[in-house]
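Structure record follows, encoded as structure tokens.
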Amino acid sequence: MAVTYSIPRGTYDILPDKSFIWQYVQGLFRETAAEFGYSEIVTPIFENADLFERSVGDTSDIVEKEMYKFHDKKDRVFALRPEGTAPVVRSYVENSMHTLGGIQRLYYMGPMFRYDRPQKGRYRQFYQYGVEAIGSNHPYIDAEVIALQYTFLKKLGLKNIQLEINSLGNKASTDSYNKALAEYYAPHADKLCYDCSIRLEKNPRRLLDCKVPTCKELVAEAPVMLDYLDEECRTHFESVQTYLKGMGVEYTINPRIVRGLDYYTHTAFEFLNNYLGSQNAVGGGGRYNSLVEQIGGKDAPGIGFAGGFERLLLSLEEENLFMGNSFHPDVYVAVLGEESLLKAVHLMQQLRLKGIKVEYDPDKNSMKAQMKAADKAHATYALIVGENEINSGLYVLKTLTEGKQESLSLEDIITRLGR
RNA sequence: GUGGCUGUAGCUCAGUUGGCAGAGUACUUGAUUGUGGCUCAAGUUGUCGUGGGUUCAAGUCCCAUCAGCCACCCCA
């Protein structure tokens, strides 16, 4: 009998009433990226699993428990991509993009996959947009990447979004900081929560992220990363800020920003939105100066960000932006009488060839039903094709907002509406 | 992966101590022979998330399961 299928957990359909907004938002991102000189790169949705295991960090949650891993028929091990940076860097290396000279400015958009428990603003298949700038360690590039995302969010009209930045330093300053953290925490080890006791061993930085009250107390007194930056890292971070100010980008410094992926160095940043509950990160990124080499390429510095479209749309909804938009035809055609249809299909096609959006419903016959449908479709005009019109060659064109109508020839209709 | 709340018409939801499955909205038609929006009238729409159990009788009680939401976790 009838088998019913349901969508996989943590996924969703984008229906026509929402796809309009998706197109708008995606288009705006493309535009903004282009204004900053970025070109699109498209990579596969799955990659060798170890690409992510090695780059993202095998102690990270993403790799430990959130990857959609599978074997193909020849037993190769792949993973649905959980994030966008590693594939882009893989492509950069594989296509020897360093030989193109200069800075490679790349952007991407598309679905990512993580096997996580779904919640509002958190899905198993979710859509990200992001950029990567590979080939320069200049602090201007850090500022450029941050400014790109900032500009995009501003253009959408979002107001309640904060930018927080931090510097994680280079390998040397990270090492000395980790050491200082370990020393600080050693006498308090028994007070840490279970997760933190593991973090202390594996990745002390992440201790700063903990929300358990007793751990938070300890974090308050803990050494601050920024105090452990060496001269070079400090001036880099300061220059980034100088350029951000020069571009009018508003930010605050948050020394606790850590970022979840292991490859980050130097500049790290997050865009936060305070009404999405615990899913408050709408985007973020940072510098990854050793990732290219780690993936097997000629050493090259890079920086990038990623943002989630779903959380963006939730933010837009929250701020009542772009809620009323949807597709609507220019002309809804009302056909009266079976014999008129043949003439009407010809007319409709002439209009479409001129770039006019035409809609017609063959299952509605009465004038009333068709006018009603025209109204519901939010058409700009109704075009009436009946016996009288066909005989005279003048068709009734009616504006649906004002209710004015006049009889026009096909040529006049096209000059009125065509583009 | 852990804990909690919820699941009834396309949508939003009501449904009393277990006793005929409801409202609003949407949709279709009519009032108006070829003119929409407002109004009025009539009509259509249900595996009560799914599977089992208790009972004369289950939307209601019990168990399991699936899904959404919330918190944790993590992050987009």
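Residue numbers begin at 1 in each chain, while the letters A, B, ... track the order of the sequences. Everything numeric in this text was worked out from a predicted model, so none of it was measured.
Across all strands shown, B/G1 forms a Watson-Crick or G-U wobble pair with B/C72, both key distances being under 3.5 Å. Figure legend. B/G43 is base-paired to B/C27; pairs are counted as Watson-Crick or G-U wobble with both atom distances under 3.5 Å. In this structure, B/G51 and B/C63 make a Watson-Crick or G-U wobble pair, each of the two defining distances being under 3.5 angstrom. Across the strands present, B/A58 finds no partner; the criterion is a Watson-Crick or G-U wobble pair with both atom distances under 3.5 angstrom.
The distance from atom CD of A/Glu359 to atom NE2 of A/His378, rounded to the nearest 0.5 Å, is 11.0 Å.
If you check every strand for non-hydrogen atoms under 4.0 Å, A/Glu387 touches a base. The residue A/Gln405 sits close to a base: some heavy atom pair falls under 4.0 Å. Residue contacts shown for A/Gln125 are absent, as no nucleic acid heavy atom lies under 4.0 Å away.
For A/Asp375 and B/G36, a side-chain-to-base donor-acceptor distance below 3.5 Å is present, hydrogens and geometry of angles not being considered.
Residues from residues 334-344 of chain A lying near RNA chain B, meaning a heavy-atom separation below 4.0 Å, are A/Leu336 in numerical order.
Note: CG (A/Leu156) to P (B/A76) measures 19 Å, nearest angstrom. Computed from coordinates, the A/Glu66 CD to B/A76 P distance equals 10 Å when rounded to whole Å. Remark: C1' of B/A76 and CD of A/Gln149 are 10 Å apart, rounded to the nearest angstrom. Between the C1' atom of B/G34 and the OH atom of A/Tyr395 lies a distance of 16 Å, rounded to the nearest Å. In this entry the distance linking CG of A/Leu314 with C1' of B/A76 reads 11 Å, nearest Å. The interatomic distance linking A/Glu310 (CD) with B/C75 (C1') rounds to 12 Å, in whole Å. The distance from atom CG of A/Leu400 to atom C1' of B/C38 is 16 Å, rounded to the nearest whole Å. Note: CD1 (A/Ile384) to C1' (B/U35) measures 6 Å, nearest angstrom.
Ring-base stacking between A/Tyr127 and B/A76 is not satisfied when judged by a centre separation under 5.5 Å and a plane angle under 30°.
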N/O contacts under 3.5 Å, protein versus nucleotides 25-33 of chain B?
from, atom 1, to, atom 2, distance (Å)
B/U28, OP1, A/Lys364, NZ, 3.2

Close N/O contacts between protein and nucleotides 65-69 of chain B (under 3.5 Å):
from, atom 1, to, atom 2, distance (Å)
B/G68, OP1, A/Gly10, N, 2.9
B/G68, OP2, A/Arg9, NE, 2.7

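Under a cutoff of 6.0 Å and an axis angle of 45°, A/Arg124 and A/Tyr115 form a cation-pi pair.
For the ring-ring contact (aromatic ring centres under 6.0 Å, His included) with A/Phe78, the qualifying choice from A/Phe46, A/Phe113, A/Phe52, A/Tyr68 is A/Phe46, the only one to do so.
Among the nucleotides B/G36, B/U35, B/C75, the one closest to the side chain of A/Met367 is B/U35. Looking at the side chain of A/Ala281, the nearest of the listed nucleotides B/C75, B/G34, B/G36 is B/C75.
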